[in-house]
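The figures that follow rest on heavy atoms only: side chains count, while hydrogens, waters and symmetry mates do not. Naming: A, B, ... by sequence-line order, numbering from 1 per chain.
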Amino acid sequence: MTAVVLDGIVLGLQLGLLGVGLTLVYGLGGVLNLAHGQFAVLGAIVIARMLDASFSLWVAIPVGLVCIGLVGLLIDLTLMRPVYKLRGEERVLLGLLLMLGVGTIIDGLLEWRYPIEALSIRISGDPVPILGVSMRIGGLVGSGIALVAGAALFVFFRFSTFGRATRSVIQDEEGARLCGINPATVRTTIFALSAVLAGLVAIARAMTAPIVVTGGVRLTILALIVAVVGGLGSVSGAFLAGILLGVVSTVSAFYIGSYITSIILLATAAITIVFRPSGLLGHRP
Amino acid sequence: MAEDLLTVSALSAGYLGEDVLSEVTLDVASGEAVAVIGSNGAGKTTLLRAICGLLPTTAGSVHFGQTKLTGLGAHSIARAGIAFVPAERHLFPTMSVRDNLSLGAYPKRHQHAKLEFVFELFPRLEERGGQHAGTMSGGEQQMLAVGRALMSEPRLLVLDEPTTGLSPLLATEAYSALAKLRADGLTILVAEQQVPLALSLADRGYVLDHGKIQLSGQAAELADDPGVRKAYMGVT
Ligand SMILES: Nc1ncnc2c1ncn2[C@@H]1O[C@H](COP(=O)(O)OP(=O)(O)O)[C@@H](O)[C@H]1O
Ligand SMILES: [Mg+2]
């Protein structure tokens, strides 16, 4: 049981990091990025291609993250401009449809060009005993990445001037503008950051299981579930929800069967919406 | 007479293609307090939002000193030195009082002197420094909204009905804080339904009705004007 829960936490930290990117972009401008998982896969495939070309991991990883960050930046500066001109429901719908389109295009391109490409990162080292369970080193390093990224985000949002400005736009966009904060700049920066975070998730996950070209949709769905359960717009909520769902997922896979895990995760999200519409740590604007 | 700090010329603005404001012209000189008075629906909020870049204008222009503001975004106008306190406050509800204040100074990092100034004006805010803005009383939220606006060291403070939701006592207190700021030399433009309060603060006033300036003059003259007394001060 301990082993299953620890595995759940390893998975959960990655899920949390995955959900954070989605939740931030939604909280800032109402765009539900349905290409978030595809961003992760795209980053992974860039890294995998570079590894194939015999670059070292230390070169491939930064290049992959920069590439996916640039893709995010470019999409925000082009496709998202008309979206942010709209208000309310229209903005949500157009944003969601455009990003669904982007996700489909990324999926199609990757499956067409690199159908059998995949990213696995093998970390050599003996398993480490934790609470009497021997944990594989890959999972631990992956969790470490997610933890460090989570802590860095926490510090950024709590203590940096730009991080606080970001939260202010999420809480009250008009109030933020009156303080001299340009919401468009904040949204663009965070959209690119969110894409980089997606790439980071792919790297962390690739240390326990391969990231394949067709894996994007599943990651997007997971990100969506985590963001909903955590409360759209809440960073700490996303991590809390990630860990909760990670544990729920490994425990149900172990005791019931993995075929039913997705349904249990979706049910958890549905139950959250019914009983806590604003998520674990979310707040209604 | 000091030179004009804010010059609004024949400004028109509205909603969904229909003008609510028609060709409003007003000016505020440096160091002056000016009131825009009018009843509910007269267009006061529309006028202030158009000046501050929160609402697109359809005609006319706004100048701040030599700078043309027309067409600039609200954040640029804020950075140019106009701080707007909307009637709904627009605070950041789940951030502390101190975080709200420090965002008022965005993107400046050195805020100590200004923070002390705000805490001196509103000691209540210092006591509540760590509390979330959303959990404070209406009067405290009003102080925080004004305090946040002051953090940017504005050259012009614009307030929309600062007495909204306040008891008569708190409303009077809010105006005495504004009077202190005015005595310190801050330039103020305030829109208000509570005409006696506004005219007690202001040097000059404009009467806005149906989106047009109907009358303007020294505050004392307006306060004595039979039409103004009848329409806005409950004198029959
Ligand atoms: N968001 C809006 N959409 C459409 N009409 C509006 C809106 N806000 C105000 N109005 C209309 O504009 C006119 C002036 O309103 P407002 O500027 O709020 O007046 P005041 O602040 O003096 O009470 C009113 O007739 C009001 O109905
Ligand atoms: Mg109004």
Taking all atoms of both residues into account, what is the closest heavy-atom pair of [X] and [Y], and its distance?
X: G175(A); Y: F92(B); value: C-CZ, 3.6 Å
X: Y106(B); Y: I181(A); value: CD2-CG1, 3.4 Å
X: R177(A); Y: G53(B); value: NH2-O, 3.7 Å
X: L103(B); Y: S168(A); value: CD1-CB, 3.6 Å

statement: Interatomic distance, OG1@T161(A) vs NZ@K108(B), rounded to 0.5 Å, equals 12.5 Å
- prompt: Taking atom CE of M151(B) and atom SG of C179(A), what is their separation to the nearest 0.5 Å?
  reply: 10.0 Å
task: Give a yes or no on whether the backbone of T94(B) and the side-chain of Q171(A) come within a donor-acceptor separation of less than 3.5 Å.
output: yes
Heavy-atom contact with chain A under 4.5 Å, split by part of [X]:
X: R89(B); result: neither
X: S76(B); result: neither
X: I77(B); result: neither

Charged N-O contact under 4.0 Å between R49(B) and E174(A): yes
task: Check whether any side-chain heavy atom of L178(A) lies under 4.5 Å from a side-chain heavy atom of V85(B), and answer yes or no.
output: no
statement: Most contact-rich option vs chain A, by heavy-atom pairs under 4.5 angstrom, among M95(B), R79(B), E88(B), is M95(B)
query: Under a 4.5 Å heavy-atom cutoff, which of A176(A), A184(A), G180(A) has the most pairs with chain B?
result: G180(A)
query: Does atom CZ of F275(A) have more than 12 heavy-atom neighbours, drawn from other residues, nucleotides or ligands, at distances under 6.0 Å?
result: no
message: Is there a side chain to side chain contact (heavy atoms under 4.5 Å, CB included) between D99(B) and R167(A)? Walk through the geometry before answering.
response: CA-CA 11 Å; D99(B) 280 356; R167(A) 283 200 293 149; 3.7 Å; yes
